[in-house]
Amino acid sequence: MPEGPETRRAADQLALAVVGQPLASAWFAFPELKPFEASLPGTTVTSITPHGKALLTRFDNGWTLYSHNQLYGVWQVVDAGERPDTTRSLRVALETSERAILLYSASDVAIWRDEDLVRHPFLSKLGPDVLDTSLTAAAVAKRLQQPAFAGRALSVLLLDQGFLAGMGNYLRSEVLFVAGIAPQRTPADLTVAERKRLAQALLDVPRLSYGTRGILPSTGMRAEYLTDTPEGFQFKVFDRDGLPCPQCSKRIVRKELGGRRLYLCKTCQQ
DNA sequence: CTTTAAACCTGCTGGC
DNA sequence: TGCCAGCAGGTTTAAA
């Protein structure tokens with residue numbers, strides 16, 4: 001599944017559909033979750049919130065559905081009783097009297113007691129959510145200087161969910177380009193001005209993507225959630241190797257760093 | 001400790 | 001049209 005901005009968009013739409021309404025039915029493809037088909041109906045979904053790329057769906061009976069879509073999970077909002085997608089495998093269906101939210105293909109799904117979530121192996125390791133509105137550039141700049149992060153190459157650090165949750169591979173290329181910083185640099189070897197630029201870009205780029213409804217099919221990427229997308233986030237460098245840099249017109253190059261593809265302008269990112 | 005590589009889950013795309 | 005290899009915006013695990 002996509003990155004932080006797309007995950008938060010999905011959470012928004014799912015919440016609009018079912019939060020505050022009592023569940024009429026619940027269905028799970030996973031054997032260990034079958035008991036909840038009997039206990040969840042009648043409870044109310046109190047919130048659906050992203051934590052990085054994970055989604056937490058809370059019920060008012062003290063239990064929470066954890067899901068992570070990896071590359072392939074897809075959420076849909078449909079009318080109650082509808083199951084329009086026949087090609088993917090349905091994994092979760094939560095239904096109110098009016099609407100249903102359906103999770104297809106995802107394999108990382110579990111239900112936890114609220115009080116146990118702090119010990120969840122993935123959630124417990126996440127850094128602050130990059131799209132959290134209370135996160136400031138000053139706080140990000142400070143975090144960059146923490147010993148656990150300061151010595152690591154930005155190409156690796158920017159994908160580490162323990163640094164900032166919700167960052168991902170397209171955001172990595174875009175953030176480094178906007179900040180004008182080469183991916184091999186580390187936080188420790190940045191000047192004060194560079195660190196400030198990077199911290200600001202780490203907030204601005206994900207927020208712009210979220211605000212413009214994430215990535216669109218025209219970029220060559222999938223965008224399963226985006227049924228209402230007039231705008232869309234435009235890549236400046238990601239997936240654009242060989243094309244001219246929007247700032248200096250030199251060719252954008254593609255590299256492999258941290259095991260993932262990364263795009264940059266060698267002139268603008270020294 | 002940091003970094004890299006491979007494995008894993010599933011779906012899509014492009015080539016034959 | 002059908003099949004298959006390769007790739008993917010992610011994460012974990014093991015190895016270097």
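First the proteins, then the strands, lettered A, B, ... as listed; each starts at 1.
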Selection from [options] that lies nearest to any side-chain heavy atom of [X]:
| X | options | answer |
| --- | --- | --- |
| A/Arg261 | C/dA8, B/dC9, C/dT12 | C/dA8 |
| A/Arg88 | B/dG11, B/dC9, C/dT12 | B/dG11 |
| A/His68 | C/dT12, C/dT11, B/dT4 | C/dT11 |
| A/Arg254 | B/dT4, C/dA8, B/dG11 | C/dA8 |
| A/Arg152 | B/dT2, B/dG11, C/dT11 | B/dT2 |
| A/Ser105 | C/dA8, B/dG11, B/dT3 | B/dG11 |

Quick check on DNA chain B: between A/Pro147 and A/Gly259, whose nearest nucleotide comes earlier from the 5' end?
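The residue whose closest nucleotide sits nearer the 5' end is A/Pro147.
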Rounded off to whole Å, could you give me the [atom1]-to-[atom2] distance for the [X] and [N] pair?
| X | N | atom1 | atom2 | value |
| --- | --- | --- | --- | --- |
| A/Leu159 | B/dA5 | CG | P | 15 Å |
| A/Leu257 | B/dT4 | CG | P | 8 Å |
| A/Asn169 | C/dT11 | CG | P | 11 Å |
| A/Asp108 | B/dA7 | CG | C1' | 15 Å |
| A/Tyr72 | C/dC7 | OH | C1' | 15 Å |
| A/Phe149 | B/dT2 | CZ | C1' | 14 Å |
| A/Leu157 | B/dC1 | CG | P | 16 Å |
| A/Asp241 | C/dC7 | CG | P | 14 Å |

Quick check on the hydrophobic clustering: are A/Leu135 and A/Leu159 connected, directly or via other members, by side-chain heavy-atom contacts under 4.5 Å?
no
With under 30° as parallel and over 60° as perpendicular, where do the rings of A/Phe28 and A/Phe36 fit, or are they tilted in between?
perpendicular
May I ask you to decide if the ring planes of A/Trp112 and A/His120 are parallel, tilted or perpendicular, using 30° and 60° as cut-offs?
tilted
For B/dC9, the Watson-Crick or wobble partner whose two distances fall under 3.5 Å:
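Answer to the pairing question: none, since B/dC9 forms no Watson-Crick or G-U pair.
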Which part of the nucleic acid, if any, lies within reach of A/Arg91 when heavy atoms closer than 4.0 Å are counted: base, sugar-phosphate only, or nothing?
sugar-phosphate
Return yes when atom CD of A/Glu37 has more than 12 non-hydrogen atoms of other residues, nucleotides or ligands closer than 6.0 Å, and no otherwise.
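Yes - once you tally the heavy atoms of other residues, nucleotides and ligands closer than 6.0 Å, there are more than 12.
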Is A/Arg91 reaching over with its side chain to a backbone N or O of A/Ala106, donor-acceptor style, under 3.5 angstrom?
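Yes: the side chain of A/Arg91 pairs with the backbone of A/Ala106.
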